[in-house]
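Numbering of ligands and ligand atoms starts at 1, following listing order. Just the heavy atoms: all of them, side chains too, but no hydrogens, waters or symmetry mates, feed the values below.
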Amino acid sequence: MTFLPIFLCVAGFLSTVAAGKHDIYSGYSVYGVHLRDRSDQKVLYDLQIELNVDIWDHGAPEVNDALVMVSKEIGTKFLDKLDENGMNHYLHLADVATSLEEHDRELSNWKQSRTNRMLFENYPTYEEVDAYLERIAAEYPHLVTLVNAGPSFEGRPVKYLQISSSNFTDTTKPIYFLDATMHAREWVTLPVALYTIYRLVENPRDQDRDLLENIDWIVLPIVNPDGYVYSHTTERLWRRTRSFNASVTTECWGVDANRNFDVNFNTLGVSNNFCSNTYPGQVPFSEPETRYVRDIILENINRIQLYLNVHSHGNYVLFGYGNATLPPNVVQLHHVAATMGAAIDTKKLPQARYYLIGNSNMALYGSSGSAQDYGQFVGVPFSYTLELPGYTYSFQVPPQYINQINTETWEGIAASARLANLYYRARNSN
Ligand SMILES: *[C@@H]1O[C@H](CO)[C@@H](O)[C@H](O)[C@H]1NC(C)=O
Ligand SMILES: *[C@@H]1O[C@H](CO)[C@@H](O)[C@H](O)[C@H]1NC(C)=O
Ligand SMILES: *[C@@H]1O[C@H](CO)[C@@H](O)[C@H](O)[C@H]1NC(C)=O
């Protein structure tokens, strides 16, 4: 979802009057849509492209309802289309602006109620994360190497950590590569990346020593820093990058980074509307941010055993390909995904959905140019999209849940790392 520049100007002007940070979302509502079957899902997906509505939750037929954000102008048209198709719907959130203001109050209360929380217990800013990565690298030089992949479109360094008990020199070890915040608004993915660093570096438990002895790690907490910063300052629900190319369009900024990879590019689950949340860009790897992820994968391709591209929300572990073709090692892919999902479920909240695992196309929807598919395509044996929980809150998960999500997800990360390591050793001993 994107707004015309003129609307931004109006909102900017109004904000000096009404001082509402999220005024840009006033008049936006979220509808729940009941899905009976795959064809209902398809109707919704087509409406996303036709009307450029913002799907918050794709839903699963007869399991959970889809959630869709619409503007006042589009709302009637959208509901008419649902009615034409006999699809039940209801108002889930009357005013998105109000709900975002409430969420902001929750966040500031959380920050004020205790000031000495760890970074991973909050939604930290880009600058806080940057300082943290620098500090960890300085404090643990024998374990951690900080790498600056290069500048984002707007010039922010995209930094990641290599974590290794052998300074990345033991080429018999597999590498586990985790990245987060590729989609700017999926804030809860960032604490999970930071908590992973915490458990590996700052607070390793005895029972987890094997994870460092046997495996090297790469953790890239903020793939899309420009989008992430923009989601803090201006549009909380921004998903895309923030690139701008006047010879392509002056109307909208950014592309969907998770459609920008060079695999089946621009073929499925994409929109050629420059302002769409699934606009893949003009060419594959048009974005510096996706090029950095590509380079990390290719530079380490002989050793990366598992790539985990972390998103939110929906409680899924998904694998390729987005066109519904299954990779040859699908049994193993399925095994590791199931192990990850089941490990997380052992710690889940009673009200949370169980994890669902499967091919991303068959379990959710068709896509092309995704990071998950790219990893699989260039030879990472286990390449996944992880969709963390949103409970009923979608992208605005209350901070009280962050620790829960961090610790339960860590169980899945550790379990998948161990099993992928076994597969790696088995393959290399043959
Ligand atoms: C780790 O290896 C790099 C070269 O890849 C080297 O510059 C660095 O000094 C090494 N660090 C330690 C702690 O040995
Ligand atoms: C802008 O888009 C044009 C047309 O697709 C392309 O040739 C050019 O390289 C792009 N510029 C940048 C800086 O990416
Ligand atoms: C789906 O994508 C994969 C990876 O690019 C490719 O190998 C496969 O042939 C594609 N399947 C179809 C039906 O196009």
Side-chain angles (χ1 to χ4, degrees), residues 136-155 160-171 173 175 201 212 216-218 226 240-255 257-270 272-274 279-292 294-297 299-303 307 309 318-330 333 358-385:
I136 291 295
E139 252 175 62
Y140 301 91
H142 57 292
L143 259 188
V144 173
T145 307
L146 177 69
V147 183
N148 180 353
S152 67
F153 183 85
E154 292 178 350
Y160 63 90
L161 297 184
Q162 293 181 334
I163 302 168
S164 170
S165 61
S166 44
N167 198 22
F168 253 68
T169 55
D170 182 349
T171 55
K173 287 185 184 181
I175 295 171
V201 177
L212 269 175
D216 282 349
W217 297 75
I218 297 175
D226 301 345
R240 314 175 347 153
T241 58
R242 291 291 301 164
S243 59
F244 183 79
N245 185 338
S247 71
V248 175
T249 171
T250 52
E251 204 182 339
C252 288
W253 283 255
V255 313
N258 206 23
R259 300 287 182 278
N260 189 241
F261 287 74
D262 192 8
V263 53
N264 303 329
F265 182 78
N266 195 17
T267 55
L268 184 64
V270 288
N272 289 313
N273 175 348
F274 298 125
Y279 168 62
Q282 284 301 92
V283 291
F285 294 123
S286 57
E287 310 304 288
E289 296 84 1
T290 56
R291 293 198 293 271
Y292 300 143
R294 172 197 67 190
D295 293 347
I296 292 171
I297 292 175
E299 277 162 23
N300 298 286
I301 193 63
N302 293 332
R303 289 209 288 137
Y307 170 43
N309 180 228
L318 304 169
F319 49 81
Y321 289 103
N323 61 10
T325 295
L326 297 169
N329 67 331
V330 63
L333 263 173
N359 171 267
S360 58
N361 183 306
M362 299 180 205
L364 262 186
Y365 50 80
S367 65
S368 56
S370 70
Q372 156 212 292
D373 273 9
Y374 184 75
Q376 196 70 45
F377 184 67
V378 298
V380 177
F382 300 98
S383 190
Y384 297 111
T385 306

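The shortest N or O to N or O distance between Asn264 and ligand 3 is below 3.5 Å.
Geometrically, Arg294 engages Phe285 in a cation-pi contact defined by less than 6.0 Å to the ring centre and at most 45° from the axis.
In this structure, atom 14 (O) of ligand 1 is in close contact with the protein, since a protein heavy atom lies within 4.0 Å of it. Put simply, atom 3 (C) of ligand 1 has protein non-hydrogen atoms near it, under 4.0 Å away.
Between the CD1 atom in Ile136 and the OG1 atom in Thr145 there is a gap of 13.0 Å [rounded to 0.5 Å].
In this structure, Tyr279 and Phe274 have perpendicular ring planes: the angle between them is above 60°, well past the 30° mark. Ring geometry, His142 versus Tyr140: the interplanar angle falls from 30° to 60°, so the pair is classed tilted.
Side chains of Gln372 and Thr385: a donor-acceptor N/O pair is present below 3.5 angstrom, by distance only. Looking at Glu287 and Thr241, their side chains do bring a donor and an acceptor atom within 3.5 Å of each other.
For ligand 1, the atoms closer than 4.0 angstrom to any heavy atom of Pro141 are 13 (C). Atoms of ligand 2 found under 4.0 Å from any heavy atom of Ser247, numbered from 1 in the order shown, are 1 (C), 2 (O), 3 (C), 4 (C).
When hydrogens are left out, the protein atom nearest atom 8 (C) of ligand 3 is Asn323 ND2, 3.8 Å; that is the closest non-hydrogen contact. The single protein non-hydrogen atom nearest to atom 11 (N) of ligand 3 is Thr325 OG1, 2.7 Å, given as residue, atom name and distance.
Considering only non-hydrogen atoms, atom 10 (C) of ligand 2 lies nearest to Asn245 out of Val248, Thr249, Asn245. In this comparison of Val144, Thr145, Thr169, Asn167, the heavy atom closest to atom 1 (C) of ligand 1 sits on Asn167.
Among Leu333, Thr325, Leu326, the single residue meeting the side chain to side chain contact (heavy atoms under 4.5 Å, CB included) criterion with Asn359 is Leu326.
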